[in-house]
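For reference, the structure discussed in these notes is given below.
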Amino acid sequence: MTTLTSQAAEPRPACAAPRDADRDSRHGAMALAAALPGDTVLYLLLPMFHDAFGVTLAEAGMLLAANRLVRIAGYGWVARFYARRGDRITCTLAVAAAALCALGYATLSGFWALLPLRLVWGLSFAALNLSTQVLATSAAEGAAARSGRSRAYIALGPLVGLPAGALLAQAAGPRPIFVALAALALAGWLAARRLPALPHPAAAAAGRPRQRLPNALDTWSFLEGFTLDGLFVIGLSYLGRDLLPGNAVAAAGTLMALRYGAEIVLSPVGGRMAGAWGAERLLVVLSLLTSLALAGFGHGWLGSCALAIVILRALQLPLLPPIVARRHPGPDRVRALAARSVWRDIGAGTGPLAAGLLLPVMPASWMYGAAALMLAVAALACARTR
């Protein structure tokens, strides 16, 4: 405890040598790993048990989208707060808010009661996610590999939380697990207190990003969020009720946990592949393969195509931060990473809305086929502009 306290009290610069960057990136990822299961388990249980939470399926889609949509408007504020206050204070507040949100999922019912919790969690995740990306790219040497290792640490929380949530929901209903997840989120405070305390003054002085039309990478970020963080996750839970063998909750929870297990194993591999072959080139190839798997998922091949999607997604996760950091070196890196996250959040926020509204009335093959085609076109556009 003495060592922990002394380390937490010592301010360190956010831009550090590679070994310091490795350490700080690991602690930031651990804080997010502790806070994240409350959200991922809700993605599993809310579509299946929406009646238990006092909402309709369409309202469930809106609640799952709300945390993404609030980040569209709030990422700029979060980025400026983060730049002024630094990693330690920002992430400490974020993990405390995540614990309160998880406790609210266990005790509150109805759309209007749950909506404020989703908005608070959205801003908390924005802060934690931005910190992990900035810390992973704080040293140019090994940034892609460090980003991959960061994703692996982050995935540990959902990997444990999703199977536990599925099993407890089967035994005791969908609400009690969130009490345990609130306690887990508070454990992230220990990691947050070991983060650098110094602000990012140059980034804070940079001001708001200029408005511009989306480029090819912006479009890809939007569609990646729309398909993989929106349509795919909701579809896995919704379609799994009828198409997955055995207990649907356990089967969907296992597949969603495998998504994070794949991140632990494969995100570091994706980071090393990006360092060897180039992040942009690898992004295009993996996105085209993801489009094929997404189309198959819509045609009912849930098991095999879902497994392919989680593998490909895990390989892609560490690619974007080093691309952005290389194109925006120096203090502008914080603002550029936040701006890129906004585009993904726009897609990931509209994805659950589209899934909740369209899955009950449209053939899944049409919806997922169209999404796969758009993702493939966006990937080819990135190849042309690389």
Side-chain angles (χ1 to χ4, degrees), residues 29-30 32-49 60 64 67 98 102 105-106 121 125 128-129 148-185 187-188 227-241 243-270 290 293-294 297 301-318 348 351-352 355:
M30 291 169 64
L32 180 51
L36 190 56
D39 180 66
T40 55
V41 172
L42 191 70
Y43 267 86
L44 169 67
L45 299 181
L46 188 58
M48 286 188 173
F49 299 99
L64 296 179
N67 66 303
Y105 303 152
W121 163 247
F125 176 84
L128 290 164
N129 186 52
R149 291 194 298 270
S150 175
R151 294 304 314 180
Y153 278 109
I154 292 169
L156 282 172
L159 179 66
V160 175
L162 283 165
L167 292 175
L168 190 57
Q170 184 178 353
R175 310 296 288 271
I177 183 62
F178 291 103
V179 177
L181 295 180
L184 176 62
T227 55
L228 300 191
D229 293 337
L231 296 183
F232 172 65
V233 175
I234 302 300
L236 186 60
S237 178
Y238 181 77
L239 298 175
R241 298 181 305 176
L243 299 179
L244 290 175
N247 184 276
V249 182
T254 300
L255 278 175
M256 291 177 72
L258 285 175
R259 169 187 171 191
Y260 293 98
E263 292 182 25
I264 295 173
V265 177
L266 296 176
S267 286
V269 176
T290 302
L294 194 66
F297 180 84
W301 302 328
L302 259 67
S304 58
C305 289
L307 181 60
I309 289 171
V310 298
I311 291 173
L312 292 165
R313 180 183 181 274
L315 291 171
Q316 291 176 71
L317 279 175

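- For residues 160-180, the set of pairs meeting the salt bridge (Lys or Arg N to Asp or Glu O under 4.0 Å) definition, not counting sequence neighbours, is empty.
- The shortest distance between side-chain heavy atoms of L294 and C305 does not fall below 4.5 Å.
- By the side-chain contact (heavy atoms from CB on, under 4.5 Å) test, A171 pairs with no residue at all, sequence neighbours left out.
- Considering only heavy atoms from C-beta on, F125 comes within 4.5 Å of L32 through its side chain.
- When all heavy atoms of I264 and A152 are compared, the pair lying nearest together is CG1-O, 3.3 Å.
- The shortest non-hydrogen separation linking L46 to A60 is CG-CB, 3.7 Å.
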I309 vs F232, side-chain contact (heavy atoms from CB on, under 4.5 Å): CA-CA, chis, key distance, verdict: CA-CA 9 Å; I309 289 171; F232 172 65; 3.8 Å; yes

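- Here the shortest heavy-atom pairing between A169 and L45 reads CB-CD2, 3.7 Å.
- Every residue meeting the side-chain contact (heavy atoms from CB on, under 4.5 Å) condition with A308, not counting sequence neighbours, appears here in chain and number order: A293.
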side-chain contact (heavy atoms from CB on, under 4.5 Å) between L42 and F178: does it pass, once the steps are laid out? CA-CA 9 Å; L42 191 70; F178 291 103; 3.8 Å; yes

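- Here the CD1 atom belonging to I177 is positioned 14.0 Å from the OH atom belonging to Y105, to the nearest 0.5 angstrom.
- In plain terms, the two heavy atoms of A187 and A34 that are nearest each other are C-CB, 4.4 Å.
- For T290, the side-chain hydrogen bond (donor to acceptor under 3.5 Å, both in side chains) partners two or more places apart in sequence, or in a different chain, are Q316.
- Judged as a salt bridge (Lys or Arg N to Asp or Glu O under 4.0 Å), the pairs with a partner in residues 302-316 (not counting sequence neighbours) are, in order, D229-R313, E263-R313.
- Looking at residues two or more places apart in sequence or on another chain, you find no side-chain contact (heavy atoms from CB on, under 4.5 Å) involving A183.
- Closest approach of L64 to Y43, counting heavy atoms only: O-OH, 2.7 Å.
- Taking each heavy atom of A257 and L162 in turn, the nearest pair found is N-CD1, 3.6 Å.
- Rounded to the nearest 0.5 Å, atoms CG (L156) and CE (M30) are 9.0 Å apart.
- Between the side chain of T40 and the backbone N or O of P37 there is at least one donor-acceptor pair closer than 3.5 Å.
- By the side-chain hydrogen bond (donor to acceptor under 3.5 Å, both in side chains) test, D39 pairs with R118, W121, sequence neighbours left out.
- Sequence neighbours left out, not one pair with a member in residues 153-173 passes salt bridge (Lys or Arg N to Asp or Glu O under 4.0 Å).
- Sequence neighbours left out, not one pair with a member in residues 151-176 passes ring-ring contact (aromatic ring centres under 6.0 Å, His included).
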